Amino acid sequence: MRTARFVATRFAGMLLVLFVVAFVTFVVFYVLPADPARLACGRPCSPEGLRLAREFMGYDVPWYQQFFDFLGGIFGGRTFGTGAAAVHCTAPCFGWDFQNNVDVLSEIGGRIEVSFSVALGAAAIWIVLGVGLGVLSALRRGTAVDRITMAAAMTGVSMPAYLAGMIGITIFAFALDVVPKNGYVPLTEDPAQWAWHLVLPWFVLAFLHAAIYARLTRGQMLETLGEDYIRTARAKGLTERKVVGRHALRNVLLPVITVFGVDLGGLLAGTVITERIFGMAGVGRLLVDAIASLNLPVLLGVTLFSALLVTVLNFLVDLCYGALDPRARLV
């Protein structure tokens, strides 16, 4: 009963956050000076042509009605225009790209494989390296291993993503010529080439994020190893492996999982700089192109889709938190 209430509470909170994010995002994009109807109308655009464009795109009604029409499209689909020129956006409809005459979710779906491939591969590497090096550094506190690990972590934390990417390309793609310089090969087309083209982006992102996780894990591990229950476990004669693996690491992973959910959600929504540097057409590239062309429906749809990913992953993190620490279910 307590577990069901915990899940229901977190799920309700997730829905509330999504509604607030959708509302704020819609209002922000509504007050921007760019006018999608005027852009679609072209130049020259007569007042009558602008009026027809607004009616077709649904911008001829108050902003609050536009917002609820947008929400209704997510759950039930939406039709833009009337008669033979009308276009239908099936549910879930995150908007219609009037510049390319396609629904926004289809555009996101066509690019999500790239973003997911980059994000999931990098995440698997950085969580293993970051947590592993953080634990090792804490257990070897003050030694050369600790100093080297923390120096590398400080470098990763301080280095911008574009600089790390350019250094990686310069060394491994141009100087050594051991990995492809750019591009993406679909997994279904050639799994080996898919992985080979992603090796460098994976390790560039993993280096930057593993540095953060190593520092976080080390700090949490040092704090946990000083707790009374750890001293009690050692006094009972448990081996160091059991003390660290069974007792200390479980508490250390709680804040790590929280940060991991936020980071992974952000990366799944598109790695703008990484995709740009390595010439990959993912969701991040779609967002950049939409900004350049002032394509507001795509900007709004991608933003809300990104918020959805982050919020859902945080909901899953809350469930993992409750599984690792039963005390969280009481909150």
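This structure is a prediction, so every number in the text was calculated from the model and none was measured.
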Practice item. For the pair Phe315 and Phe11, name the ring-plane relationship: parallel under 30°, tilted 30 to 60°, perpendicular over 60°. Key: perpendicular
Check your understanding: How are the rings of Phe98 and Phe56 set to each other: parallel, tilted or perpendicular (split at 30° and 60°)?
Key -> perpendicular
Practice item. Establish whether Phe278 and Phe207 are linked, either directly or via other cluster members, by ILVMFWY side-chain heavy-atom contacts under 4.5 Å. Key: yes
**Study point:** Any donor-acceptor pair under 3.5 Å from Trp202 side chain to Ser117 backbone
**Key:** yes
Exercise for review: Side-chain contact test, heavy atoms from C-beta onward, threshold under 4.5 Å: evaluate it for Val199 versus Phe172 and give yes or no.
Suggested key: no
Exercise for review: For Arg147 and Gly142, indicate whether the former's side chain and the latter's backbone hold a donor-acceptor pair under 3.5 Å.
Suggested key: yes
Check your understanding: Shared ILVMFWY cluster between Met159 and Ile277, side chains joined below 4.5 angstrom?
Key -> yes
Point to revise | Verdict with supporting geometry, Leu296 and Leu300, side-chain contact (heavy atoms from CB on, under 4.5 Å) | key: CA-CA 6 Å; Leu296 295 188; Leu300 177 61; over 6 Å; no
Review point. Is any side-chain N of the basic residue among Arg51 and Glu55 closer than 4.0 Å to the acidic one's carboxylate O?
Key: yes
Review point. Is Phe23 reachable from Met14 through a run of I, L, V, M, F, W or Y residues, each pair having side-chain heavy atoms under 4.5 Å apart?
Key: yes
Revision key, fill the gap. Output for pair (Leu139 CG, Asp146 CG), nearest 0.5 Å, gives 10.0 Å
Revision key, fill the gap. Smallest heavy-atom separation, Ala206 atom then Ile125 atom, equals CB-CG2, 3.5 Å
Point to revise | Side chain to side chain, Thr239 and Lys242, heavy atoms closer than 4.5 Å | key: yes
Practice item. Give the cluster check for Leu225 versus Leu133: same hydrophobic cluster or not, with ILVMFWY residues linked at side-chain heavy-atom distances below 4.5 Å. Key: no
Practice item. Would you check, one step at a time, whether the test side-chain contact (heavy atoms from CB on, under 4.5 Å) holds for Leu264 with Leu120? Key: CA-CA 8 Å; Leu264 181 59; Leu120 293 177; 4.1 Å; yes
Exercise for review: Group every Ile, Leu, Val, Met, Phe, Trp and Tyr by side-chain heavy-atom contacts under 4.5 Å, then state whether Val131 and Leu222 land in the same group.
Suggested key: no
Check your understanding: Distance from Thr311 atom OG1 to Leu316 atom CG, nearest 0.5 Å?
Key -> 11.0 Å
Practice item. Could you tell me whether the side chain of Leu299 reaches within less than 4.5 Å of the side chain of Leu287, counting heavy atoms only? Key: yes
Check your understanding: If you draw a 6.0 Å radius around NZ in Lys181, do more than 12 non-hydrogen atoms from other residues or ligands fall strictly inside?
Key -> yes
Exercise for review: Give the C-alpha distance, both sets of side-chain angles, the deciding distance and a yes or no for side-chain contact (heavy atoms from CB on, under 4.5 Å) between Thr217 and Val135.
Suggested key: CA-CA 6 Å; Thr217 303; Val135 171; 3.8 Å; yes
Practice item. Classify the angle between the aromatic ring planes of Phe19 and Phe67 as parallel (below 30°), tilted (30 to 60°) or perpendicular (above 60°). Key: perpendicular
Check your understanding: Is it true that a side-chain atom of Tyr184 and a backbone atom of Glu275 form a donor plus acceptor pair closer than 3.5 Å?
Key -> no
Exercise for review: Verify, without hydrogens or angle tests, whether Ser115 (side chain) and Val283 (backbone) share a donor-acceptor contact under 3.5 angstrom.
Suggested key: yes
Review point. How far does CG of Asp190 sit from CH2 of Trp196, to the nearest 0.5 angstrom?
Key: 13.0 Å
Review point. Is Tyr64 atom OH crowded by more than 12 heavy atoms from other residues, nucleotides or ligands, each under 6.0 Å away?
Key: no
Point to revise | Flag side-chain contact, heavy atom, 4.5 Å: Asp97 against Pro297 | key: no
Exercise for review: Taking all non-hydrogen atoms of both residues into account, name the closest pair between Ala248 and Met221 and its distance.
Suggested key: CB-SD, 3.9 Å
Review point. Should Val317 and Phe260 be marked as a side-chain contact (heavy atoms from CB on, under 4.5 Å) after you check the CA-CA gap, both sets of side-chain angles, and the distance that decides it?
Key: CA-CA 8 Å; Val317 165; Phe260 181 73; over 6 Å; no
Practice item. Please confirm whether the backbone N or O of Val185 pairs with a side-chain atom of Gln193, one donor and one acceptor, at under 3.5 Å? Key: no
**Study point:** 4.5 Å side-chain heavy-atom contact, Val27 and Val24
**Key:** no
Point to revise | Main-chain N/O of Leu253 paired with Gln220 side-chain donor or acceptor, under 3.5 Å | key: no
Check your understanding: Which heavy atom of Cys89 sits nearest a heavy atom of Asp103, and at what distance?
Key -> SG-CB, 3.7 Å
Study note, to complete from the structure: Heavy-atom closest pair (Ser137 atom, Met150 atom, distance to 0.1 Å) is OG-CE, 3.8 Å
Check your understanding: Is there side-chain contact between Arg111 and Met280, with at least one heavy-atom pair below 4.5 Å?
Key -> no
**Study point:** From CG (Asp263) to OG1 (Thr258), nearest 0.5 Å
**Key:** 11.0 Å
Review point. Checking Arg285 side chain against Arg276 main chain: does a donor-acceptor pair fall under 3.5 Å?
Key: no
Exercise for review: Give a yes or no answer on whether the side chain of Glu107 reaches the backbone of Val302 with a donor-acceptor pair at less than 3.5 Å.
Suggested key: no
Practice item. Hey, could you give me the CG/CD1 distance between Asn182 and Ile169, rounded to the nearest 0.5 Å? Key: 7.0 Å
Review point. Does His88 reach the main-chain N or O of Phe80 with its side chain, forming a donor-acceptor pair under 3.5 Å?
Key: no
Point to revise | Side chain proximity check, Val204 to Thr274, heavy atoms < 4.5 angstrom | key: no
Review point. Just how far is it from atom CH2 of Trp126 to atom CZ of Phe203, taken to the nearest 0.5 Å?
Key: 13.5 Å
Study note, to complete from the structure: All heavy atoms of Gly265 vs all of Val310, minimum pair found to be C-CG2, 3.7 Å
Exercise for review: Grab the two heavy atoms, one from Leu71 and one from Ala22, that are nearest each other, plus how far apart they are.
Suggested key: CD2-CB, 4.5 Å
Point to revise | Within-4.5 Å side-chain heavy-atom neighbours: Phe26 and Gln66 | key: yes
